[in-house]
Amino acid sequence: MKKTLAVRRDVETFYKEMQKLNKADIIYKDVIDLREGIQNLNKFDQSMVLERIPDNEKLAFLKDITKSLTPEWSNFFLETAYAYHFNYLADAINFYIAAYEKELLIIESVVPLSNEQTERIKASFEKKLQHSFPHVKHQLVPDLIGGVVVRTKNYVLDGSLRKQFTQIERQLHVK
């Protein structure tokens, strides 16, 4: 448990450093790509701690799967593997994703939003929740019909026409 907390602390420190360097977004994409490429994190973790596989082979494998990723993430991931003797690598991946997504604001709309509209929505949401969201992702979702849905990891504000129509439909069925 103590080592898991240490890995979390290391990842959160790394995330904050990448945020200061404006590289947190690209690292997030790398980590997502890595997780998708691995497919099964539990099996990956189990294979990394097998004693019958020499450390140099594990290291070569990790270098190979991270070679197309940013040097910052690749180096951090390899350092983590070495520091924790190939344990907790899936945790490192999941902790980075969690740190990033904790500060991610997703805005869904039917039409593209201007930078000004996105910033107004972001500022309003940050004020409401008293929390800063340095990462903003805009998604086009035609099913909304109109309006916007704003979501974070822990909160959803649905101002879509789809929701309003659903509420009206429920009220009509209740009567």
Side-chain angles (χ1 to χ4, degrees), residues 1-48 61-84 86-109 112-141 144 148-160:
M1 182 71 160
K2 286 183 182 181
K3 287 188 180 181
T4 304
L5 293 174
V7 172
R8 181 186 301 268
R9 219 174 12 259
D10 292 348
V11 170
E12 288 175 354
T13 300
F14 173 75
Y15 167 75
K16 288 175 187 170
E17 289 172 17
M18 293 303 102
Q19 219 176 356
K20 287 177 188 172
L21 296 172
N22 291 320
K23 293 187 175 189
D25 293 326
I26 189 82
I27 301 290
Y28 175 73
K29 290 176 185 150
D30 279 354
V31 175
I32 293 294
D33 287 346
L34 181 61
R35 183 180 70 181
E36 289 173 359
I38 291 171
Q39 294 176 354
N40 188 324
L41 288 178
N42 289 331
K43 285 184 181 178
F44 170 74
D45 254 1
Q46 291 170 358
S47 65
M48 283 290 110
F61 172 72
L62 293 177
K63 284 181 180 179
D64 187 52
I65 66 171
T66 62
K67 70 182 173 196
S68 65
L69 307 179
T70 55
E72 293 85 359
W73 173 252
S74 181
N75 292 338
F76 174 77
F77 195 65
L78 294 172
E79 289 169 10
T80 300
Y82 185 74
Y84 295 98
F86 302 96
N87 287 289
Y88 311 107
L89 293 177
D91 288 335
I93 291 168
N94 289 329
F95 291 154
Y96 189 90
I97 292 169
Y100 182 92
E101 289 179 352
K102 180 179 174 189
E103 298 187 332
L104 174 64
L105 182 70
I106 300 171
I107 303 172
E108 299 174 348
S109 68
L113 300 175
S114 68
N115 288 341
E116 182 183 322
Q117 290 170 316
T118 301
E119 282 303 313
R120 274 197 323 238
I121 292 169
K122 177 183 177 227
S124 175
F125 213 71
E126 287 177 336
K127 184 177 179 182
K128 180 179 179 82
L129 296 181
Q130 298 179 344
H131 181 80
S132 176
F133 294 96
H135 314 293
V136 179
K137 182 177 177 183
H138 178 251
Q139 296 176 332
L140 294 178
V141 181
L144 296 179
V148 296
V149 174
V150 184
R151 62 179 80 241
T152 68
K153 185 172 182 151
N154 299 315
Y155 192 85
V156 176
L157 175 66
D158 190 340
S160 69

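For residues 121-136, the set of pairs meeting the salt bridge (charged side-chain N to carboxylate O under 4.0 Å, His left out) definition, not counting sequence neighbours, comprises Lys122-Glu126.
Asp30 contributes no side-chain N or O that, together with a main-chain N or O of Leu69, makes up a donor-acceptor pair within less than 3.5 Å. Side-chain N or O atoms of Ser47 include one that pairs as donor or acceptor with a backbone N or O of Phe44 at under 3.5 Å. For Asn75 (side chain) and Glu72 (main-chain N/O), no donor-acceptor pair under 3.5 Å exists by modelled atom type. In terms of modelled atom types and a separation under 3.5 Å, the side chain of Thr66 and the main chain of Leu62 share a donor-acceptor contact.
With hydrogens and angles left out, the side-chain atoms of Asn154 and Thr152 include no donor and acceptor closer than 3.5 Å. The closest side-chain donor-acceptor pair between Tyr96 and Glu12, if any, does not fall under 3.5 angstrom. If you check the side chains of Tyr84 and Asp91, you find no donor sitting under 3.5 Å from an acceptor. Checking His138 against Ser109 by side-chain atom types alone, a donor-acceptor pair falls below 3.5 Å. A side-chain donor-acceptor contact under 3.5 Å links Glu103 and Tyr15. At a cut-off of 3.5 Å, with distance as the only test, no side-chain donor of Asp45 or Tyr88 sits close to an acceptor on the other residue.
The minimum heavy-atom distance linking His131 with Lys102 is given by the pair NE2-O, 3.7 Å. Looking at every heavy atom in both residues, Phe133 comes nearest to Leu105 through CB-CB, 3.8 Å.
A heavy-atom distance below 4.5 Å is not found between the side chains of Val149 and Val141.
For Ser114, the side-chain hydrogen bond (donor to acceptor under 3.5 Å, both in side chains) partners two or more places apart in sequence, or in a different chain, are Gln117.
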